Peer 1: 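Okay, here's the structure, questions in a sec.
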2 protein chains.
Amino acid sequence: MLKNPIVLLDIVDRLANVMRGEFRRVGGEEGLQPVHIQALLFLQQVNRFSNTPQALAEYLNVTKGTISQSLLLLDRHGLIERYQDDIDKRVVRLRLSPLGEAFLDESNPASLWQSGAREISAHRIRYCVTVLRAILFEIQNLTGGTPFGVCNNCIYYQRKSQRIHHCAWFGERLSGPETRKICRDQAPKSSSLTT
Amino acid sequence: MLKNPIVLLDIVDRLANVMRGEFRRVGGEEGLQPVHIQALLFLQQVNRFSNTPQALAEYLNVTKGTISQSLLLLDRHGLIERYQDDIDKRVVRLRLSPLGEAFLDESNPASLWQSGAREISAHRIRYCVTVLRAILFEIQNLTGGTPFGVCNNCIYYQRKSQRIHHCAWFGERLSGPETRKICRDQAPKSSSLTT
DNA sequence: TTTTTTTGGTATCGCTCCGATACTATACCA
DNA sequence: TGGTATAGTATCGGAGCGATACCAAAAAAA
């Protein structure tokens, strides 16, 4: 059956279009475009190894020049902060400003999605996440794209004890919340679908 | 657990961004933008009740003025045909031209997605489709959006015999292939998740 | 019927995303 | 130490997109 994947693609695309419209509506009050909302959501969820313009550009699949302009606008609006990396002085680090965090908290761009998914069980959500992650990872392999993913789903993630988390790739200890954030250098474990 | 839906939204958005980039690549050779590829794919899959600019605009979540320009471009490229509706003379009907069909066949914008989903079983794909459809339908209810969906998943779809399909909404007989196309006036059956 | 309102689509304008290119500064390497 | 690669910025042009105004046809109202 060749057509089912296409049906899935249709739904994914349409959901994204709907959310894009929602982001436009949410951001309109602040003069923000959908892409800016996506950028803010990215910064809300990315870990401290991946909060750079380059990573954001790859995540949103745009060029670094493009994202540079978007960041300029977000900076002018006071929604993000940019600071130089200590070690590599070429690298710019990004984070939400208090204003940016407040904006996300108040406007909650994902609230429509959350409402729409309210009746879906956590198990079904997780199932979909697993399947879509597998597709995304495979596509990233095919196109050579950066394999973004959640930290604790990575082969370099090590849980040394109840409270000690460690990344074998960057060689640094991780806090508990950090292990649930998005990382750009992710090498996912072989997926273990539950059905 | 409030965060899992957000994770799913992230993946849906990112998959859409990746495919958007792929559409840009595919369409670039013909001078087409991602939105034009999406429009062609829509026309490839929509049924004869829903092949209008208005429906396409709602599907892609853009205004009718915007989609009118996109259709103008596709028409200039000879990829679509526009013709007047017999009954309501305000309505413009759309269809892929032979050139448009050939373009989709040759370039196959969804091939990357198909490759990425190759290893996923049909069952898992269907499962995801069902869940995402439920979310999409719920969101459409909340926003008052048009409930697009596949014809044979609609409460107005009636299978009168092995080969006789009927739509109780439009009051017309349907061919077998038609029942698998997208319709804009869809009222989905209560979802029956298989797990 | 005639008039009014609604609806589907088009045309035009301005804004801003976005890719492409060129450029700077830092880091890495031989 | 000089050459290359990389992270980011600046600038330009093309094009999507929303907003508005407009037209024609249908539907509703009077």
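Chain identifiers are assigned alphabetically (A, B, ...) following the order of the sequence lines, protein sequences preceding nucleic acid strands; residue numbering begins at 1 within each chain. Computed from a prediction, not measured in an experiment: that's the story for all the values here.
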Peer 1: For A:N61, report the nucleic acid contact type (base, sugar-phosphate, nothing); a contact means any heavy atom under 4.0 Å.
Peer 2: sugar-phosphate

Peer 1: Less than 4.5 Å apart, side chain to side chain, heavy atoms only: is that true for B:F137 and B:F148?
Peer 2: no

Peer 1: Mapping B:Q69 and A:V91 to their closest nucleotides on DNA chain D, which lands nearer the 5' end?
Peer 2: A:V91

Peer 1: Using a cut-off of less than 4.0 Å, is there contact between a side-chain N or O of B:T66 and OP1 or OP2 of D:dC17?
Peer 2: no

Peer 1: Take atom CG of A:L72 and atom P of D:dA10, then tell me their distance rounded to the nearest Å.
Peer 2: 6 Å

Peer 1: Nearest to the A:R90 side chain among D:dA7, D:dG16, D:dA26, which nucleotide is it?
Peer 2: D:dA7

Peer 1: Measure the distance from CG on B:L73 to C1' on D:dG14 and round it to the nearest whole Å.
Peer 2: 12 Å

Peer 1: Does the pair A:E22/A:R25 count as a salt bridge with the N-to-O cut at 4.0 Å?
Peer 2: yes

Peer 1: Below 4.0 angstrom, which residues in residues 21-36 of chain B have at least one non-hydrogen atom near DNA chain C?
Peer 2: B:R24

Peer 1: Tell me what A:T52 touches on the nucleic acid: a base, only sugar-phosphate, or nothing, going by heavy atoms under 4.0 Å.
Peer 2: sugar-phosphate

Peer 1: If the plane angle is over 60° it's perpendicular, under 30° parallel, otherwise tilted; pick one for A:W169 and A:Y156.
Peer 2: tilted

Peer 1: Give me the atom names and distance for the closest heavy-atom approach of A:M19 to A:P109.
Peer 2: CE-O, 3.8 Å

Peer 1: Is it the case that B:R184 places NZ or CZ above or below the six-membered ring of B:Y59, under 6.0 angstrom from the centre and within 45 degrees of the axis?
Peer 2: no

Peer 1: Could you tell me the separation between the CZ atom of A:R76 and the C1' atom of D:dT9, rounded to a whole number of Å?
Peer 2: 13 Å

Peer 1: Considering every strand and a 4.0 Å limit on heavy-atom distances, what is the contact class for A:K64: base, sugar-phosphate, or nothing?
Peer 2: base

Peer 1: Taking atom C1' of D:dG8 as reference, at what distance in whole Å does atom CZ of A:R93 sit?
Peer 2: 13 Å

Peer 1: Tell me the interatomic distance from B:I87, atom CD1, to D:dA24, atom C1', rounded to whole angstroms.
Peer 2: 18 Å

Peer 1: Do A:W113 and B:L8 come within less than 4.5 Å of each other through their side chains, counting heavy atoms only?
Peer 2: yes

Peer 1: When you match A:Q84 and B:S68 each to their closest nucleotide on DNA chain C, which lands nearer the 5' end?
Peer 2: B:S68

Peer 1: Shoot me the first and last contacting nucleotide of DNA chain C against chain B, ordered 5' to 3', at under 4.0 angstrom to non-hydrogen atoms.
Peer 2: C:dT7 to C:dG19

Peer 1: Measure CD/B:Q38 against C1'/D:dC17 and give the value in whole Å, please.
Peer 2: 14 Å

Peer 1: How close do B:L104 and B:L41 get, heavy atom to heavy atom, and via which atoms?
Peer 2: CD2-CD2, 4.2 Å

Peer 1: Output yes when B:R173 and B:E178 qualify as a salt bridge under the 4.0 Å nitrogen-oxygen rule, no when they do not.
Peer 2: no

Peer 1: Would you kindly give the CD1-to-C1' distance between A:I80 and D:dG8, to the nearest whole Å?
Peer 2: 13 Å

Peer 1: Hey, are the side chains of A:L79 and A:L32 touching, using non-hydrogen atoms and a 4.5 Å cut-off?
Peer 2: yes

